[in-house]
Amino acid sequence: MRKPLLALAACVAVLTAAPAVAAQTPVAAELTDECGLVRVTYPAGVTGSFTVTRDGEDVTAVPSPLPEGGNFAIVAQAGQAISLAGSVSGSHTHATPAGCDEPKVSVVSFEDRCQDHSAVTFRNSGTVPATGYQIVGRGVSTQIPALPPGDSTHVAQHAFTINWTSPHGAVGTLANHGYVTPDGCGPSTLQHAFADRCGRIEWTVTNNARGAQRVILAKGTEAIRSDWVPVGGPHTYSIPVTEGDTIRANYAHASVPPLGEHTYAAPASCAAGGLPITGSKTQSLAWLGVALVIAGIGVFAFARRRTMG
């Protein structure tokens, strides 16, 4: 009886096994050069996701290819390799077309901050400002001011895409970024204190979160300054004030009460127009004044005697 039972079990296993699914053969895309871009075109009928890299680093992912085929562009500089992997394949090293003056802009880094924001640092390796860059997130496109030569940082909200529009109107993707909230974000991780100084209030804060946190210092309803407080500290921010002004520190996020407020009272040591001079320094300056007066009288008398002589 044992052999028939084993045979029956084998038959059941064969009947219940899931049918094998053949892996889709990647479809070859066409990659061509444009000014500052590599154009990617793939045919209809592609199913399954694919990714795009530039010199081996992820640029974007296409989770749902268009059934009728697709056409998009990736920002590239001369010598950079654009590659596709997944349901669509292809690789191409960009060559600058004749007569094209391509910008030399790349993304150096992304820094996730608290309060749903990220900072992106650009590097313009050219010698002139670069224009035509936009940050696109949640259906809103924000134009980036001209990027000067060297490094510059811009802050954007949520996940976003960075696009470039060429002088000919073609749009290509420079980079994508998915936001991840740093650990420890929230007003409770900001340790802070106010201190009165002559003509100003100093606000000192230490940020114990893993990302920068934005705080707005306000006088009444007027925002005096807005700062991303870096991780660590202490960091000190100065606000000019007059007697009786109240400064409020607001955590820049909806429905969060103020971190605290402080009403300015000038320290007793302050004098109108600046810091007072007291104690031994006052006495020294007084004697210096007397000496200067005596010296002046002596010079005057000497000059008069020479004139009379």
Side-chain angles (χ1 to χ4, degrees), residues 27-44 46 49-66 68-110 118-149 151-154 156-179:
V27 176
E30 181 183 0
L31 288 80
T32 55
D33 289 318
E34 296 181 13
C35 186
L37 305 167
V38 169
R39 175 73 53 186
V40 179
T41 305
Y42 62 89
V46 174
S49 64
F50 64 93
T51 58
V52 184
T53 61
R54 182 194 302 112
D55 285 348
E57 295 187 1
D58 289 345
V59 178
T60 190
V62 182
S64 302
L66 298 174
E68 67 274 16
N71 182 316
F72 61 92
I74 301 296
V75 173
Q77 299 177 32
Q80 290 185 323
I82 304 300
S83 300
L84 292 83
S87 62
V88 178
S89 66
S91 183
H92 178 76
T93 300
H94 179 58
T96 304
C100 168
D101 185 15
E102 294 177 334
K104 297 178 175 59
V105 172
S106 58
V107 173
V108 177
S109 65
F110 292 102
S118 299
V120 52
T121 299
F122 296 91
R123 177 164 296 160
N124 180 1
S125 301
T127 58
V128 296
T131 59
Y133 293 87
Q134 308 92 28
I135 292 178
V136 182
R138 295 196 173 183
V140 178
S141 178
T142 304
Q143 195 73 21
I144 301 173
L147 298 170
D151 291 359
S152 55
T153 299
H154 295 265
Q157 195 170 13
H158 308 297
F160 55 87
T161 298
I162 302 169
N163 289 336
W164 176 66
T165 303
S166 77
H168 306 290
V171 179
T173 300
L174 176 63
N176 278 282
H177 180 67
Y179 175 78

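Source: prediction; values computed, not measured. What you see below is based on every heavy atom in this structure, not just the backbone, and it leaves out hydrogens, waters and symmetry mates.
- Side-chain contact check for Ser141 versus Val136: some heavy-atom pair is nearer than 4.5 Å.
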Between Ile162 and Thr173, does the side-chain contact (heavy atoms from CB on, under 4.5 Å) criterion hold? Intermediate values first, please.
CA-CA 6 Å; Ile162 302 169; Thr173 300; over 6 Å; no

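- Contact of the Ile135 side chain with the Ile144 side chain is registered, since non-hydrogen atoms from C-beta on lie closer than 4.5 Å.
- By the 30° and 60° cut-offs, the orientation of the rings of His177 relative to Phe160 is tilted.
- Remark: side-chain polar atoms of Trp164 are paired, donor with acceptor, to backbone N or O of Thr131 under 3.5 angstrom.
- At a threshold of 4.5 Å between non-hydrogen side-chain atoms, the residues Thr53 and Ile82 do not count as touching.
- In this structure, a donor-acceptor pair under 3.5 Å is present between the side chains of Thr165 and Gln134.
- Using a distance-only test at 3.5 Å, with no hydrogens or angles considered, a donor-acceptor pair links the side chain of Gln80 to the main chain of Gln77.
- Shown here is Arg123, whose CZ atom has no more than 12 heavy atoms of other residues, nucleotides or ligands within 6.0 Å.
- Between Ser118 and Tyr179, the shortest heavy-atom contact is OG-CD1, 3.2 Å.
- For the residue pair Asn176 / Thr60, a side-chain donor-acceptor distance below 3.5 Å is found, with atom types taken as modelled.
- Pro129 and Ala146 make their closest contact through CB-CB, 4.0 Å (heavy atoms, listed as atom of the first residue, atom of the second, distance).
- You'll find the side chain of Ser49 stays beyond 4.5 Å of the side chain of Pro65, heavy atoms only.
- Shortest non-hydrogen contact noted between Leu147 and Ser152 is CD2-OG, 3.5 Å.
- Rounding to the nearest 0.5 angstrom, the gap separating the OG1 atom in Thr142 from the CD atom in Gln157 is 10.0 Å.
- Atom OG in Ser64 sits 10.5 Å away from atom CZ in Phe50 (nearest 0.5 Å).
- Here the options are Glu34, His92, Glu30, the test is side chain to side chain donor-acceptor pair (under 3.5 Å), and the partner is Arg39; only Glu34 passes.
- Residues Val107 and Phe122 form a side-chain contact, since some pair of their non-hydrogen atoms from C-beta on lies under 4.5 Å apart.
- Counting non-hydrogen atoms of other residues, nucleotides and ligands closer than 6.0 Å to CD of Glu68 gives a total above 12.
- Proximity of a side-chain donor or acceptor of Asn124 to a complementary backbone N or O of Val105 within less than 3.5 Å is not detected.
- A 4.5 Å side-chain heavy-atom check between Pro103 and Tyr133 finds at least one atom pair inside the cut-off.
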Report the C-alpha distance between Leu31 and Leu84 in whole Å, list the side-chain angles of each, state the deciding distance to 0.1 Å, and finish with yes or no for side-chain contact (heavy atoms from CB on, under 4.5 Å).
CA-CA 10 Å; Leu31 288 80; Leu84 292 83; 3.7 Å; yes

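- No side-chain heavy atom of Thr121 sits less than 4.5 Å from a side-chain heavy atom of Phe110.
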With side-chain contact (heavy atoms from CB on, under 4.5 Å) as the criterion, how do Val40 and Val52 come out once you've worked through the C-alpha distance, each side chain's angles and the decisive distance to 0.1 Å?
CA-CA 10 Å; Val40 179; Val52 184; 5.6 Å; no

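- When all heavy atoms are compared, the tightest approach of Leu37 to Gly172 is CD2-CA, 3.7 Å.
- The two residues Val27 and Pro43 come nearest to each other via the heavy atoms CG1-CG, 3.3 Å.
- Summarising the geometry of Cys35 relative to Pro97, their closest heavy-atom pair is N-CG, 3.8 Å, with the distance given to 0.1 Å.
- Using modelled atom types and a 3.5 Å distance limit, the side chains of His94 and Glu102 yield a donor-acceptor pair.
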side-chain contact (heavy atoms from CB on, under 4.5 Å), that's the test. Do Val38 and Thr32 meet it? Break it down for me.
CA-CA 6 Å; Val38 169; Thr32 55; over 6 Å; no

